[in-house]
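In what follows, a structure is listed as structure tokens, so that the remarks can point back to it.
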Amino acid sequence: MNEARFMELLGAYGADLARWPEDERTHAEVFLDGASHRVKDVWESERSFDHLLALEKDVPPSISLETAILGSSNIRRHVRRPLDLFGRFNLPRWATGGALAASLALGLAVGYAAEPDPSLEQDYATLLTVSGGGAGSMFLSAMNDAER
Amino acid sequence: MRDPDEDLVSRVGAGDSRAAAELVRRHLPRMVGLARRMLGDASEAEDVAQEVFLRVWRHAAAWKPGQAKFETWMHRVAMNLCLDRLRRNVRNGGEVTPEMPDTRASATRALDDRQRRDRVRDALQALPERQRAALVLCYYQDRTNIEAADIIGVSVDALESLLSRARRSLKTALSAERADLLSGLETG
């Protein structure tokens, strides 16, 4: 690793060495440790630019999108109705109640323009909740907040 | 190294709906993020994400472990769908490349994070599509250089060239924001 190659990689991948080519990373770390102030100043400048780019973050997908995608899977449903989860998976009663509330609310939120099977929507909402999916968790939180 | 999605994909292929939900939970945010940054439109991004998963459902049963990482395959599908849409927009006369953001007005005023984020988004959209693809894959999708080059269909050297040009263009477009951020860091 020499300065020319270090600067080339810095200009392409930025300051975070975790993004650098795997076979050059260790050499880059060693080089940076012993680099001149001038090189380190350039590295710091690239690091601040990386922070700027990092302001552009992922946005959580909507529940309707998750539901539509699961609905397109045409996979045979293996999840029982929400009340059955209590006996089948030994869930505490509060989780079952929350799952039912989330399922019913999702059914209302999604709407029935084409008269889909409402039990299908409830099952997917339950799947999202049981699997710990972000949309399902957010939905449960919203339901709990509404009940306060 | 074992593909972390191998078991899930196998279970999806066998009809396991909980595995399908877990696959969605695991990968949907990244798919939407990639499409949104490539297309600049949330609604089109959701369409692409849905199409990616349609293909996942279609191919899960036939997926052969060891041929490639499943997540890399998903990224390739998503990127190809995005590039197809961008080229279709050009053929239909739609605006694909917005103007570079005007940095003059913002040079002397402090910007909050939300404004900076919006300007980063605008600057990303103004990049040529292959530079944008390289940057999005390496910076925001955490693909290795080898994966990103494979997804775009270029050599690693060509990928690095795309990345360098993308960063230079973004630095020019975001010069005011950079100066503002640096002065904010200096004053603490």
Of all heavy-atom pairs between [X] and [Y], which one has the smallest distance, and what is that distance?
X	Y	value
A/S72	B/L54	CB-CD2, 3.8 Å
A/L52	B/V120	O-CG2, 3.6 Å
A/I69	B/W57	O-NE1, 3.1 Å
B/R121	A/K57	NH2-O, 4.0 Å
A/D58	B/G33	OD1-CA, 3.6 Å
B/R167	A/G11	CD-O, 3.0 Å

Please rank B/R30, B/R168, B/E160, B/R117 by heavy-atom pairs under 4.5 Å with chain A and give me the top one.
B/E160
Distance check, rounded to the nearest 0.5 Å: [X] atom [atom1] versus [Y] atom [atom2]?
X	Y	atom1	atom2	value
B/L163	A/E8	CG	CD	12.0 Å
B/D142	A/D16	CG	CG	9.0 Å
A/L70	B/L28	CG	CG	9.0 Å
A/F49	B/S175	CZ	OG	10.0 Å
A/E66	B/E46	CD	CD	10.5 Å

[X], [Y]: one ILVMFWY side-chain cluster at the under-4.5 Å cut-off?
X	Y	result
A/V59	A/I63	no
B/M79	B/L159	yes
B/V156	B/L162	no
B/V52	B/V24	yes
A/V30	A/M7	no

Interface moiety of A/L10 toward chain B, non-hydrogen atoms closer than 4.5 Å:
backbone
Under a 4.5 Å heavy-atom cut-off, does chain A meet the side chain of [X], its backbone, both or neither?
X	value
B/L124	side chain
B/R37	side chain
B/R36	side chain

Taking atom NE2 of B/H59 as the centre, report whether more than 12 heavy atoms of other residues, nucleotides or ligands fall under 6.0 Å from it.
yes
Donor-acceptor pair, side chain of B/Y139 and main chain of A/R19, under 3.5 angstrom
no
